[in-house]
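Below is one structure; the comments refer to it alone.
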2 protein chains.
Amino acid sequence: MGVSLKDVAQRAGVSIKTVSNVVNNYPHVTPHMRAKVQQAIDELGYRPNLTARHLRKGRTGIIAFAVPELGNPYFAELAGAVIDAAARHDYTVLVDHTAGLRERELLVSQEFRSHVIDGLILSPIHLETEDLIGRQETSPLVLLGEREYEAPYDQIAIDNVAAARTAVRHLLDLGRERIAFLGSRTDRERRPAHLRLRGWREELAAAGREPDETLVVATDGYGRADGAAAMAALLDRGRRPDAVFAYNDLIAMGAMRTLTERGLTVPDDVAVVGFDDIEESRYGSVTLTTISPDKQAIARLAVDSLVERLSGHVMAEPRRARPGYRLVVRESTGPAEGRQAARVPAQGAGSAPAPEAGSAPVRETRSVPAPEAGPAPAT
Amino acid sequence: MGVSLKDVAQRAGVSIKTVSNVVNNYPHVTPHMRAKVQQAIDELGYRPNLTARHLRKGRTGIIAFAVPELGNPYFAELAGAVIDAAARHDYTVLVDHTAGLRERELLVSQEFRSHVIDGLILSPIHLETEDLIGRQETSPLVLLGEREYEAPYDQIAIDNVAAARTAVRHLLDLGRERIAFLGSRTDRERRPAHLRLRGWREELAAAGREPDETLVVATDGYGRADGAAAMAALLDRGRRPDAVFAYNDLIAMGAMRTLTERGLTVPDDVAVVGFDDIEESRYGSVTLTTISPDKQAIARLAVDSLVERLSGHVMAEPRRARPGYRLVVRESTGPAEGRQAARVPAQGAGSAPAPEAGSAPVRETRSVPAPEAGPAPAT
DNA sequence: GTGAAAGCGCTAACAG
DNA sequence: CTGTTAGCGCTTTCAC
């Protein structure tokens, strides 16, 4: 089919090696030679066959990024950041989504495009530690997301418990009494409770309140519809909270929609805090207070981890990096006027003091959570 | 490094070919042989090297999907649909984003992972016809998005002019007088006006109105912030419209946010129509009326086109497919109560009568635009 | 049914 | 500085 090095060599009347040298920009080639070869390349429209190169070199320069759902803006935004971070190391990213199904997560972690991806960044939901332990695939794997595993792989995640506690504390500081939690999962109960739910419990307990479990609503998924349904269920039960802490922004958005439909006002009747800081939460007629994980840092740490292992620096020690996060206070918990401009986080720049992991290898990256924006002395 | 066919063959005491047969599930292998080989495979933890297979077969089973910005939910949702559609044909998708930069669009279309991707689905913004004409790469390319090119490549896009006209007609039917257009581009003016802007002009003209060009606001990009800024600019100019047709949903969202901040009510003071029907537009305290392109159909048509050409069916004739769309009327142009439930489109199922392109080859796919939901007799 | 050998296009050694 | 050769791991004739 295509034109190969050999064809070019023939045409230019030189050896294959010389052409290869030109293609790879080897320093020691006479300008004359280079010109001659280049001409042949242009005439023939030669393009190097990367597949062959990959086979030869044993690596492809492709890493995979697998998330539950690309339709969730958090993962879409994260995917964008990962693609950019990878590009900085000359890696290309293969994005896949698992629909949060354990089976697909397993498949991806086990045998996904074996030997064509150099490594994998995976954000699992249903995967279990034992699935990971039994992993055959030898290419490096970096885990993202809320779940923590007792498996020998790098894990990048903000301190979910602490972040959740920060959110709940904010609501408590506002004087809220009945703080609901939306978004615990209905399925697979046996597995440890969500860290965010634990944060909710811990912070309430620390404040001397008995966590009211009737204010915890499980959802089937993590989407807006789930949030809307959960909020409706809570209200239908006659348990009207005066604040809601949602598992993520989408659930919070859905909850706010239900509140609007029921004629309740945010934040006056019900204050709402989300988690993720997707861009959408900075718009809307009531902007959303939320926990903002440093997505750039997460992407960078994940890619850097992977790239470092790919570079052959064999480090037995799997590492846990804790990127920064902060609480961004917006209208959904703000003063009742609901007219102030959204406080837009200075994304990327003066953001959290996440460990700088640019070129230097990432080491002990347990960064202190960023100072929260506005600890808000009780209203 | 890895364990190869040869290793397995040695271990099992058979030839390479036999192992290959087992791995590829060839029919004519004795059960005994198969078992023996399988055992060796398991013992050695053999995983086929797909890179080698790719080199040998000349194809990889990977296609690329390049969009301007993964942070735009429209593209993220589309990417998800493309991934799923590709999976149905056993293709994996490599997602990239171009930031809408012509340079990167060019790069992607020209030499992106040459020979490792079998084909490319590209949604360009700044690419010009001549860029496409001069394309060296021989792998198939399918174009998505608003722009139309005089180049020999398949193009999948809804009828943007007609869709825009539908949106504007809806606003006219509502009795709106001053309909603004938000989101024409400031740069590269020489290139033909956006089709959606043309639709706005045409429909106004058809209604006997002189399109008021002072109601057209250019934006730098296609995000929420651009919409917010454009709306603010328009209001600051003292040109208060009673309706807004935005280039896309994000711009519409930003515009609505500005309207809220300025104390104006949607839809009472200003009705708003978007374009894309991202999920977000179905939530929010005022749900958004929007043009809903059939994303599933777009993804399916694009992937099917690509796969068909990849299958060697050489069809000289490039094709233009026109997936369906519909107008989904929601609160942002609805009756002023603003309390009715959002009319959620039956995504996927009873949606537009888009050409069924499941397994059968896609042929003449100029589908009639789906019947719009609620032509809304003038208020 | 199974085995032996050639070669996909490239890079890495090693000569010259 | 340039040419020759071997081989990455696999599939694919073609014999047996």
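Below, chain A is the first sequence line, B the second, and so on; all start at residue 1.
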Derivation of the side chain to side chain contact (heavy atoms under 4.5 Å, CB included) call for V93(B) and V95(B): CA-CA 6 Å; V93(B) 179; V95(B) 179; 4.0 Å; yes

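- Computed from coordinates, the R56(B) CZ to dC10(C) P distance equals 15 Å when rounded to whole Å.
- One interatomic measurement links the two molecules: CG of L55(A) to C1' of dC10(D), which rounds to 8 Å at whole-angstrom precision.
- At whole-Å resolution of the value, CG in L5(A) and P in dT11(C) are 6 Å apart.
- D7(B) has its CG atom 9 Å from the P atom of dC10(D), to the nearest Å.
- Checked by atom type, the side-chain pair R135(A)/S109(A) shows no donor-acceptor distance below 3.5 Å.
- Side-chain atoms of H97(A) and D84(B) form a donor-acceptor pair, as typed in the model, at a separation below 3.5 Å.
- Comparing dT11(C), dT11(D), dG9(D) by their nearest atom to the side chain of R53(B) picks out dT11(D).
- Interatomic distance, S4(B) OG to Q10(B) CD, rounded to the nearest 0.5 Å: 8.5 Å.
- Regarding K6(B), its NZ atom lies at a distance of 16 Å from the P atom of dG3(C), rounded to whole Å.
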Show each protein N/O and nucleotides 1-4 of chain D N/O combination with a separation under 3.5 Å, one pair to a line.
unit_1: dT2(D); atom_1: OP1; unit_2: T30(A); atom_2: OG1; d: 2.4
unit_1: dT2(D); atom_1: OP2; unit_2: T30(A); atom_2: N; d: 3.3
unit_1: dG3(D); atom_1: OP2; unit_2: S15(A); atom_2: N; d: 3.0
unit_1: dG3(D); atom_1: OP2; unit_2: S15(A); atom_2: OG; d: 3.1
unit_1: dG3(D); atom_1: OP2; unit_2: T18(A); atom_2: OG1; d: 2.3

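- Remark: N24(A) is in phosphate contact with dT11(C), judged by side-chain N or O atoms under 4.0 Å from OP1 or OP2.
- Rotation axes derived from the C1' atoms of the five outermost pairs at either end of the helix from dG1(C)-dC16(D) to dG16(C)-dC1(D) lie 40° apart, to the nearest 10°.
- Per the geometry, CD belonging to Q10(B) stands 13 Å off P belonging to dG3(C), to the nearest Å.
- Smallest separation of non-hydrogen atoms from M33(B) and V14(B): SD-CG1, 3.6 Å.
- In this structure, R47(A) atom CZ and dC8(C) atom P are separated by 21 Å, rounded to whole Å.
- Defined by atom type and a distance below 3.5 Å, a donor-acceptor pair is present between the side-chain atoms of H89(B) and D304(B).
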